[in-house]
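The structure presented is a predicted model; accordingly, all values stated were derived computationally and were not measured.
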Amino acid sequence: MSAGSRLSGETAPRPDVVCLSHLRWDFVFQRPQHLLTRFARESRVFYVEEPELREGPPSLSVTLRENGVHVVVPRLPGGLSAEEQAAVQKELLDDLMRRYAIRRFVLWFYTPMALAFSRHLRPVSIVYDCMDELAAFAGAPRALKDREAELMVRADLVLTGGQCLYEAKRNLHPNVHAFPSSVDVSHFARARKRVSEPADQKVIPSPRLGFFGVIDERMDLELVRGVAAARPDWHLVFLGPTCKIDVDAFPRASNIHRLGRKSYDELPAYIAGWDVALIPFARNESTKFISPTKTPEYLAAGRPVVSTSIRDVVRPYGQMGLARVADTVPDFVEAVEASLKDSAAARIARADQLLATMSWDRTWAGIRQLVWESDASRGEVEEETDALAG
C-alpha cells in the first residue's frame with residue numbers, strides 16, 4: 001500500500017509524533033502544548049525535553065499525561081562534555097524508540113540543537129516548528145545558527161509562529177508556512193464573566209494593569225519602572241516565572257505586584273480582575289520576530305491591550321484598532337488612560353470578529369493537513385526510490 005493510499009484510508013493508523021524540544025512541558029502552556037495535545041487525539045505523541053542533570057546513571061523518565069502526551073525527560077549525570085551528552089541522549093532516544101516500538105513516526109523539532117542526537121533516525125517526515133528566533137535569545141548556543149541551517153535542509157515542512165518570522169524564513173526552505181499564535185477563545189472568555197477573585201490579587205487596589213507570561217530579557221524593565229512611577233495610583237500585576245534575568249533587577253514599588261507562576265486554568269480568573277492587559281516588551285534582538293500568543297488571549301478575555309511596537313502586535317492588532325501601541329513612558333501612560341475609557345462592548349465586538357478565525361483547532365487542522373501530506377509525499381518518494389533500486 002502506498003503512502004498516498006494510506007493517507008486516504010480513514011482506518012489506517014497515523015504515524016507517531018516524536019517531538020524534540022527545548023521547553024519543559026509543564027513550564028508554560030503555549031504553542032507546543034496546544035498543537036501536540038491535539039495530535040495526541042489520533043497519534044501517539046512523545047514530547048522529549050532537554051535533559052535534567054542529576055547524580056546516578058543515565059535514565060529516561062516517561063509519564064503519560066491525561067491529554068495523551070508522553071512527556072519524556074532524559075536524566076544525565078553532570079560533568080559530561082557536549083559530545084558526551086549528545087552520545088548519551090542518542091542512546092536514551094534509541095531506548096525510547098525500542099521500548100515503545102516507535103517505527104513509523106514524524107520527527108518534530110522545536111530546537112535545531114536536537115540534531116546532535118537525532119540525525120541517525122529515519123522518520124516518515126521531519127517538521128520544524130519555528131516558534132521563535134532562538135539564536136537571538138540570551139545564552140543561545142554558538143552552534144544554533146549552523147544547526148538550524150542543517151535542519152532547514154533536512155526538514156520536509158517548516159512552520160513559523162508568526163508573520164515576521166515567516167518573512168525571515170520563507171526563502172530558506174521550499175515548504176514554509178506561517179501559522180501565527182492562535183487562541184482558545186472559550187477558555188479565556190471566562191474572564192468576561194463574574195468569577196471568584198483569586199486571594200492574592202483580591203487585596204490589590206484598582207485600576208489594575210496586568211501581564212502574564214515568562215518574565216525574561218524580553219521585558220522592558222525601564223518602561224515598567226517608569227509607568228509605575230508616573231502613575232502610583234495604578235497597580236501593575238505580573239504573573240509568570242522569571243528566568244534568564246536577575247530577579248533583583250525587576251523594578252520594586254508599592255504598586256508593582258509579582259504573583260508568580262499560575263496555571264493555564266487559573267489565568268482567566270486573574271485576567272477578569274484587570275482593567276488593561278499589557279505587553280511591555282523591549283525592542284531588541286530577542287523580540288524582533290516574536291508573535292506574542294497573549295495578544296489574542298487578552299482580547300478573548302475582553303481586555304483592552306497596550307503593547308510596545310512588537311511588529312506582530314502592530315500588524316494586525318494595532319492596525320485594526322484592537323491594541324494601542326506605545327514605546328515611551330509618556331505615550332504608554334497615555335495609551336493606558338485611553339484604554340481605561342474604552343467602550344468594552346464595541347471593542348469586544350470588533351475583537352470577536354477576528355478571534356473567530358484564530359482558534360487553535362483551526363490552526364491545528366491546517367498544520368495537520370500539511371504534516372500528513374509531507375508524510376505521504378516522502379513515502380511516495382521512498383517507494384519510487386525502492387522500485388528503481390529493485
* Asked: Taking the six-membered ring where the residue is Trp, are the ring centres of His173 and Tyr128 under 6.0 Å apart?
  -> no
* Distance under 6.0 Å and angle within 45° of ring axis: Arg218 vs Phe281 -> yes
* For the pair Asp361 and Arg41, evaluate salt bridge (charged side-chain N to carboxylate O under 4.0 Å, His left out) and give the outcome as yes or no after the intermediate values. => CA-CA 12 Å; Asp361 283 336; Arg41 297 170 184 169; 3.7 Å; yes
* Could you walk me through whether Arg154 and Arg119 pass the side-chain contact (heavy atoms from CB on, under 4.5 Å) check? -> CA-CA 9 Å; Arg154 292 174 175 266; Arg119 290 187 183 94; 3.6 Å; yes
* Any side-chain heavy-atom pair of Ile290 and Pro292 under 4.5 Å -> yes
* To do: Using the rule that two of Ile, Leu, Val, Met, Phe, Trp, Tyr join whenever any of their side-chain heavy atoms come within less than 4.5 Å, decide whether Tyr110 and Leu144 are in one cluster.
  => no
* Asked: Can we say Glu222 and Arg225 salt-bridge, meaning some charged N sits less than 4.0 Å from an Asp/Glu carboxylate O?
  -> yes
* How long is the gap from CG on Leu20 to CG on Leu93, to the nearest 0.5 Å? -> 6.5 Å
* Looking at Thr293 and Ser182, what are the two nearest heavy atoms and their distance? -> CG2-O, 3.8 Å
* To do: Could you walk me through whether Phe39 and Trp364 pass the ring pair (Phe, Tyr, Trp, His ring centres under 6.0 Å) test, one step at a time?
  => CA-CA 8 Å; Phe39 271 105; Trp364 172 72; 5.8 Å; yes
* Check the hydrophobic clustering (I, L, V, M, F, W, Y; side-chain heavy atoms under 4.5 Å; chains of links allowed) and say if Leu165 and Tyr317 are grouped together. => no
* **Heavy-atom side-chain contact between Asp352 and Ile348 under 4.5 Å** => yes
* Can you check whether His70's main-chain N or O pairs, donor with acceptor, with Arg65's side chain at less than 3.5 Å? -> no
* Asked: Does a side-chain heavy-atom distance below 4.5 Å link Asp94 with Leu92?
  -> no
* To do: Would you kindly confirm whether Leu121 and Leu60 end up in one hydrophobic cluster when ILVMFWY residues are joined by side chain heavy atoms under 4.5 Å apart?
  => yes
* Any idea which heavy atoms bring Tyr298 and Ile279 closest together, and the distance? -> CE1-CG1, 3.7 Å
* Do the ring centers of Tyr264 and Phe188 come within less than 6.0 Å of each other? -> yes
* **Gln353 side, atom CD; Leu355 side, atom CG - distance, nearest 0.5 Å** => 10.0 Å
* Any chance the side chains of Asp331 and Thr328 put a donor and an acceptor closer than 3.5 Å? -> yes
* What closest approach, in Å, do Val325 and Gly318 show between heavy atoms, and which atom pair accounts for it? -> CG2-CA, 4.5 Å
* Asked: Just wondering, more than 12 heavy atoms not from Lys288 lying within 6.0 Å of its NZ?
  -> no
* Asked: Say you draw a straight line from CZ of Arg324 to CD of Glu337; how long is it, rounded to the nearest 0.5 Å?
  -> 11.0 Å
* Determine, stepwise, if the pair Glu83 / Lys90 fulfils salt bridge (charged side-chain N to carboxylate O under 4.0 Å, His left out). => CA-CA 11 Å; Glu83 292 76 13; Lys90 177 179 179 293; over 6 Å; no
* Asked: Do the side chains of Val305 and Leu299 get nearer than 4.5 Å, heavy atoms only?
  -> yes
* Check whether more than 12 heavy atoms from other residues, nucleotides or ligands sit under 6.0 Å from atom CD of Glu150, and answer yes or no. => yes
* Asked: Is Lys145 salt-bridged to Glu133, going by a charged N under 4.0 Å from an acidic O?
  -> no
* Asked: Going by an N to O cut-off under 4.0 Å, is there a salt bridge joining Glu297 and Arg31?
  -> no
* Structure fact -> Closest non-hydrogen atoms of Asn284 and Ser286, given as atom of the first, atom of the second and distance, are OD1-OG, 2.6 Å
* **Test side-chain hydrogen bond (donor to acceptor under 3.5 Å, both in side chains) applied to Asp16 and Arg103, Arg44, Arg104, the passing residue** => Arg44
* Asked: Under a 4.0 Å N-O cut-off, is there an ion pair linking Arg24 with Glu50?
  -> no
* To do: Considering non-hydrogen atoms only, spot the tightest contact between Ala301 and Ile271 and give its length.
  => CB-CG2, 3.5 Å
* Asked: Quick one: are the ring centres of Tyr166 and His177 less than 6.0 Å apart?
  -> no
* Which of these passes side-chain contact (heavy atoms from CB on, under 4.5 Å) with Leu267: Lys294, Arg190, Lys262? -> Lys262
* Aromatic rings Phe238 and Phe211: how do their planes relate, parallel, tilted or perpendicular, breaks at 30° and 60°? -> tilted
* Any Lys/Arg nitrogen of Arg347 or Asp342 sitting under 4.0 Å from an Asp/Glu carboxylate oxygen of the other? -> yes
* Taking the side chain as C-beta and beyond, is there a heavy-atom pair between Met131 and Leu35 under 4.5 Å? -> no
* To do: Quick one: closest heavy-atom pair of Ser21 and Thr111, and the distance?
  => C-CG2, 3.8 Å
* Asked: For the rings on His22 and Phe109, is their centre-to-centre separation under 6.0 Å?
  -> no
* Does the side chain of Tyr270 reach to within under 4.5 Å of the side chain of Asp200, using non-hydrogen atoms? -> yes
* Given the rule in the salt bridge (charged side-chain N to carboxylate O under 4.0 Å, His left out) test, do Glu334 and Lys341 qualify, once you have shown the distances and angles that lead to the verdict? -> CA-CA 11 Å; Glu334 182 179 340; Lys341 300 172 184 176; over 6 Å; no
* CA sep, side-chain torsions, deciding dist, call: Phe46, Phe105, ring pair (Phe, Tyr, Trp, His ring centres under 6.0 Å) -> CA-CA 10 Å; Phe46 298 85; Phe105 62 98; 9.6 Å; no
